[in-house]
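Comments concern the structure below.
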Amino acid sequence: MRRTVFNEDHEAFRETIRAFIEAEVVPVYDEWFAAGQAPRDFYYKLGELGIFGISVPEEFGGAGMDTHKFEAVLYEETARAGVQFGGSGVHVLLALPYLKMLATDEQKKRFLPKFVTGEEMWAIAMTEPGTGSDLAGMKTTAKLSEDGSHYVLNGAKTFITGGVHADRVIVCARTAAPTAEDRRHGISLFAVDTKSEGYSVGRKLDKLGLKTSDTAELAFVDVKVPVEDLLGEENKGFSYLGHNLASERWGIAFGAYAQAKAAVRFAKQYVQERTVFGKPVAHFQNTKFELAACQAEVDAAEAVADRATEALDAGELTPAEAASAKLFCTEVAHRVIDRCLQLHGGYGYMNEYPIARLYADNRVNRIYGGTSEIMKTIIAKDMGL
């Protein structure tokens, strides 16, 4: 089926990204994998390539394109090559929407030019030890100083992707106690400078997958945050967080579809080259049937992902639709990648093969951004159930 989601500009961008990956990422990716993170200077290369500024307004050094389709191309091309761009996805997909939505003109002038170049890498810190998806239960606090010049930040965060290399982190903290009527009241967002006294990066977490993406624990001990670094209005943070969930879940859905598509590519190539009993593995009927079934699922996921992309760009992707896309695409990717690994036999369990890394990387898709169970709850509620 002919896709209509991308035009000539997107395809030209695809060619550029594919060449960049082959030249700058593939030759050193094993080193990144062993180190557990991409090197900091790699993000400057992404900045030079214009990756970070696609949707940033031109007045701040970006291209000013109000679309997620270039991000979609990135998902497809990194998955196709079996690589990742470290923790940079959080920089664009998660942090940027908050800056565009909440930052004042003064803040945009301070933050966005360095955001575009990669001089300042951003992350977002929501999850806390012991709270998981229950953001209303967060205990990190930000108390306004007596002279009103700054907030004093205390607390801890965990599972912070991009947390090791981050220069700025959007930290969610309580500026007021929750009320009996609303546990979500009293949360605010702050653009915290990671060089601030009292700010510290704890363990770089050893994850099952996403090995090149630096994920860390953060701690704040009497960190002074200037009032000028409050994002949006005080105590309205929870509503801001909910506003960007649709785009976050779209990103996970599209990324999962791209991984499933890549898995079929890896498996097809492997079974055509690998021989058993004197014949290519691709010769056997079971292999053909397995890959055919996987391809059919990928075709369906592609249609869902493309439809969600068009809706997101049009500003029409509802929370329930985003949840549905995430649920479907991540579950499809889970099934397809598992079956494609099986076709590799024992070699599929070796990290030197991209399917093994893909298997581990994919597993978190059904957890972060809201678990599959949470997605089902959102969809059911939208159904009136």
Side-chain angles (χ1 to χ4, degrees), residues 94-95 97-104 107 123-160 169-192 218-250 252 312 315-327 367-385:
L94 299 189
Y98 290 102
L99 297 181
K100 291 171 66 177
M101 177 177 69
L102 301 176
T104 63
Q107 288 173 329
I124 184 165
M126 292 185 279
T127 305
E128 296 184 358
T131 62
S133 298
D134 182 19
L135 294 180
M138 71 175 62
K139 294 181 170 55
T140 296
T141 60
K143 297 183 179 180
L144 189 63
S145 62
E146 291 185 4
D147 63 4
S149 65
H150 63 272
Y151 292 86
V152 180
L153 182 68
N154 284 282
K157 300 290 182 177
T158 192
F159 305 147
I160 310 308
V169 177
I170 299 174
V171 177
C172 310
R174 284 206 164 277
T175 44
T179 64
E181 298 78 20
D182 187 3
R183 293 178 62 240
R184 300 171 296 183
H185 172 75
I187 294 173
S188 301
L189 307 184
F190 298 90
V192 179
L218 306 180
F220 321 111
V221 179
D222 294 334
V223 176
K224 293 182 179 180
V225 182
V227 293
E228 292 82 9
D229 289 345
L230 172 70
L231 288 176
E233 294 184 42
E234 205 179 70
N235 301 328
K236 292 188 176 181
F238 199 93
S239 64
Y240 298 147
L241 296 175
H243 183 83
N244 287 320
L245 280 175
S247 61
E248 178 183 354
R249 288 167 179 165
W250 164 81
I252 297 170
L312 183 63
E316 298 172 354
L317 186 65
T318 68
E321 290 169 345
S324 179
K326 180 182 184 295
L327 177 66
I367 297 173
Y368 65 6
T371 63
S372 291
E373 291 72 26
I374 294 294
M375 299 303 100
K376 292 174 184 177
T377 300
I378 294 170
I379 297 165
K381 184 177 181 180
D382 187 67
M383 295 169 65
L385 299 175

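The first residue of the sequence shown is numbered 1, and numbering continues consecutively from there.
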Does the [X] side chain pair with the main chain of [Y], one donor and one acceptor, at a distance under 3.5 Å?
{"X": "R174", "Y": "G137", "result": "no"}
{"X": "E321", "Y": "A246", "result": "no"}
{"X": "K326", "Y": "G369", "result": "no"}

Item to complete: Sequence neighbours left out, what passes salt bridge (Lys or Arg N to Asp or Glu O under 4.0 Å) with D182? Give chain and number order.
Response: R184
Practice prompt. Can you sort out the partners of K236 under salt bridge (Lys or Arg N to Asp or Glu O under 4.0 Å), two or more places apart, ordered by chain and number?
Written response: E233
On a heavy-atom basis, which atom in [X] and which in [Y] lie closest, and how many Å separate them?
{"X": "N235", "Y": "G186", "value": "OD1-CA, 3.5 Å"}
{"X": "A125", "Y": "I160", "value": "CA-CD1, 3.6 Å"}
{"X": "M126", "Y": "K157", "value": "O-NZ, 3.1 Å"}
{"X": "P129", "Y": "T158", "value": "N-CG2, 3.8 Å"}
{"X": "E228", "Y": "Q107", "value": "O-NE2, 2.7 Å"}
{"X": "L241", "Y": "C172", "value": "CD2-SG, 3.9 Å"}

Roughly how far, to the nearest 0.5 Å, is the [atom2] atom of [Y] from the [atom1] atom of [X]?
{"X": "Y98", "Y": "I124", "atom1": "OH", "atom2": "CD1", "value": "4.5 Å"}
{"X": "K224", "Y": "S149", "atom1": "NZ", "atom2": "OG", "value": "7.5 Å"}
{"X": "L94", "Y": "I170", "atom1": "CG", "atom2": "CD1", "value": "9.0 Å"}
{"X": "I374", "Y": "L245", "atom1": "CD1", "atom2": "CG", "value": "11.0 Å"}
{"X": "I252", "Y": "L327", "atom1": "CD1", "atom2": "CG", "value": "12.0 Å"}
{"X": "I378", "Y": "R249", "atom1": "CD1", "atom2": "CZ", "value": "4.0 Å"}

Taking the side chain as C-beta and beyond, is there a heavy-atom pair between [X] and [Y] under 4.5 Å?
{"X": "I379", "Y": "L385", "result": "no"}
{"X": "H150", "Y": "V225", "result": "no"}
{"X": "T140", "Y": "L153", "result": "yes"}
{"X": "S247", "Y": "L312", "result": "yes"}
{"X": "L144", "Y": "V227", "result": "yes"}

Discussion item. Looking at F159, I'd like to know if its CZ atom is crowded, meaning that more than 12 non-hydrogen atoms belonging to other residues, nucleotides or ligands lie closer than 6.0 Å.
Written reply: no
Taking side-chain hydrogen bond (donor to acceptor under 3.5 Å, both in side chains) as the definition, give me every residue that meets it alongside [X], ordered by chain and number, with sequence neighbours left out.
{"X": "E248", "value": "none"}
{"X": "T141", "value": "none"}
{"X": "D222", "value": "N154"}
{"X": "S188", "value": "T175"}

